[in-house]
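Residue numbering restarts at 1 for every chain, and letters A, B, ... go by the order of the sequence lines.
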2 protein chains.
Amino acid sequence: MPRRTSAKPPKRKRPNSYHHGDLKAALVACATDILRKAGPSALTLRAVARAAGVSEAAPYRHFADRRELVAAVAEAGFERLGQAMGAAMQQGSRGGLRAVAEAYVRFAHENEAEYRVMFGPEVANTAHLPALRETARSVLAFVAQGIGKLQQAGLVGPGDPGLMAVVTWAQLHGLVMLSLDGQSTKVAPSIEAQVQEATRIMMFGMAAR
Amino acid sequence: MPRRTSAKPPKRKRPNSYHHGDLKAALVACATDILRKAGPSALTLRAVARAAGVSEAAPYRHFADRRELVAAVAEAGFERLGQAMGAAMQQGSRGGLRAVAEAYVRFAHENEAEYRVMFGPEVANTAHLPALRETARSVLAFVAQGIGKLQQAGLVGPGDPGLMAVVTWAQLHGLVMLSLDGQSTKVAPSIEAQVQEATRIMMFGMAAR
DNA sequence: CTTGCGGTGTTAACGGTGTCAACACTAAGT
DNA sequence: ACTTAGTGTTGACACCGTTAACACCGCAAG
């Protein structure tokens with residue numbers, strides 16, 4: 001194949017404009033799209049710029065480096081995750097935790113590449129990414145709040161809801177990771193069975209303080 | 001260079017030779033070393049080759065691509081993890097699960113970069129890496145075996161040990177990941193407290209079938 | 001209206017990386 | 001001694017992250 005340096009007419013959202021209008025958001029959207037369709041290895045700064053119909057150095061006007069772009073993608077993912085969990089929360093009080101757990105697992109499986117990026121090594125150092133850290137923490141606070149409600153309803157024994165939330169989140173996250181890696185499918189029948197078993201164990205353990 | 005013809009070359013390292021002797025193992029060792037000292041972003045095929053004192057294309061005689069090298073590093077990590085868990089198993093029967101859990105968490109924290117690679121997206125598709133898959137599965141089998149012993153001792157209720165092992169591993173893995181990402185430090189005081197809380201919940205839940 | 005200026009997009013380049021083909025050297029078997 | 005397979009080397013290609021220098025747009029000040 002010949003070199004790809006041939007001229008490609010840039011498609012602009014505002015035809016008569018040299019400037020893009022909202023490149024930053026467009027870049028995040030294109031990056032998420034690429035991530036979904038072609039996997040993490042294709043998530044390249046240059047590819048994102050090309051997908052946005054812009055020169056390959058343009059992203060540097062909005063992101064200091066590649067990490068910041070990836071972090072923005074991860075942050076958007078956390079927000080969508082929070083929305084999915086919030087929607088599942090309305091399902092009722094008894095199976096509330098169960099419904100949220102299933103929503104979490106479903107999100108992870110339906111958005112595998114995004115989920116991997118959210119917890120991947122590229123955004124590992126959340127100390128330097130305050131926005132990401134805050135978004136992720138709000139998810140944790142959400143779980144803690146749900147556990148608090150279960151405690152008031154007498155379905156969960158006393159104890160620090162924050163600690164229980166961490167343990168609960170960890171359980172789900174670990175389950176999802178092992179499932180995504182194909183490490184658990186041959187031993188345990190299905191992800192649903194694993195979630196069921198996990199929530200059962202968690203509920204028993206948390207009620208038994 | 002010098003013509004040194006040694007008497008019996010037993011496939012071991014021979015410094016004064018055009019051929020390396022055991023480049024594959026040396027490459028994995030150098031890669032692990034680089035990973036520990038400089039982090040995942042420095043784990044580059046070329047850098048590994050340079051560290052091994054060999055040309056930058058030499059690794060392709062032993063690994064099809066970069067993924068295979070990384071997978072080999074991950075496999076070595078799983079083996080060391082298994083050894084650490086096995087050593088902790090000898091500590092006694094009552095707190096056996098607890099001791100293994102602590103060994104697991106300690107390994108992850110003392111070998112953060114390695115641990116991240118073991119579960120990272122670069123080796124995600126274990127379906128194409130049978131050796132890695134098998135090594136990881138033996139760790140799971142090890143946990144399942146320990147749970148079986150606890151069942152015989154009456155410390156854990158009846159149920160599929162394989163399923164329980166998956167749930168247990170997932171709990172530990174999730175805890176470790178959140179801790180490594182700095183997502184849990186501000187909510188739960190210490191990783192020890194989290195392990196304690198997690199094992200307490202797990203033991204209660206598993207005993208209560 | 002002209003002029004200047006800051007924000008944004010472009011071009012061109014640098015060094016580094018994964019990968020491959022062609023070549024070179026060595027060990028070992030015939 | 002000749003061949004051959006295995007292993008290391010050289011050189012090249014395309015791509016990537018990043019930066020500097022430049023070009024264009026919109027807008028405010030004069």
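The phosphate of D:dG8 (OP1 or OP2) has a side-chain N or O of B:His62 nearer than 4.0 angstrom.
Within the 3.5 Å criterion, the main-chain N or O of A:Leu175 finds no donor-acceptor partner in the side chain of A:Ser179. Distance alone, capped at 3.5 Å, places no donor-acceptor pair between the A:Gln171 side chain and the B:Gly174 backbone.
Note that the two end axes of the helix from C:dC1-D:dG30 to C:dT30-D:dA1 enclose an angle of 10°, each drawn from 5 base pairs, rounded to 10 degrees.
When the side chain to side chain contact (heavy atoms under 4.5 Å, CB included) test is applied to B:Ala101, the partners found at least two apart in sequence or on another chain are B:Leu172, B:Val195, B:Thr199.
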Inset, instruction - Evaluate the criterion side chain to side chain contact (heavy atoms under 4.5 Å, CB included) for residue pair B:Phe63 and B:Leu27; output intermediate values, then yes/no. - result: CA-CA 10 Å; B:Phe63 300 96; B:Leu27 287 172; 3.9 Å; yes
Residues B:Val123, B:Met118; criterion side chain to side chain contact (heavy atoms under 4.5 Å, CB included); working and verdict:
CA-CA 7 Å; B:Val123 294; B:Met118 289 184 226; over 6 Å; no
Problem set entry | Chi angles and distances behind the side chain to side chain contact (heavy atoms under 4.5 Å, CB included) call for A:Met206, A:Ile147 | CA-CA 10 Å; A:Met206 290 167 112; A:Ile147 289 179; 3.7 Å; yes
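C:dT8 atom P lies 12 Å from atom CG of A:Leu27, rounded to whole Å. Atom C1' of nucleotide C:dT26 and atom CG of B:Leu23 are separated by 14 Å, given to the nearest angstrom. Between the CG atom of A:Asp22 and the C1' atom of C:dG7 there is a distance of 14 Å, given to the nearest Å. Distance A:Arg61 CZ to D:dA23 C1': 11 Å, rounded to the nearest Å.
A salt bridge links A:Arg50 to A:Glu56: at least one charged side-chain nitrogen sits closer than 4.0 Å to a carboxylate oxygen.
Of the candidates B:Phe119, B:Phe142, B:Tyr115, B:Phe119 is the only one forming a ring pair (Phe, Tyr, Trp, His ring centres under 6.0 Å) with B:Phe78.
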Heavy-atom contacts, protein to nucleotides 13-19 of chain C, under 4.0 Å, summarised as B (base), S (sugar-phosphate only) or - (none) per nt, yield B---BBB
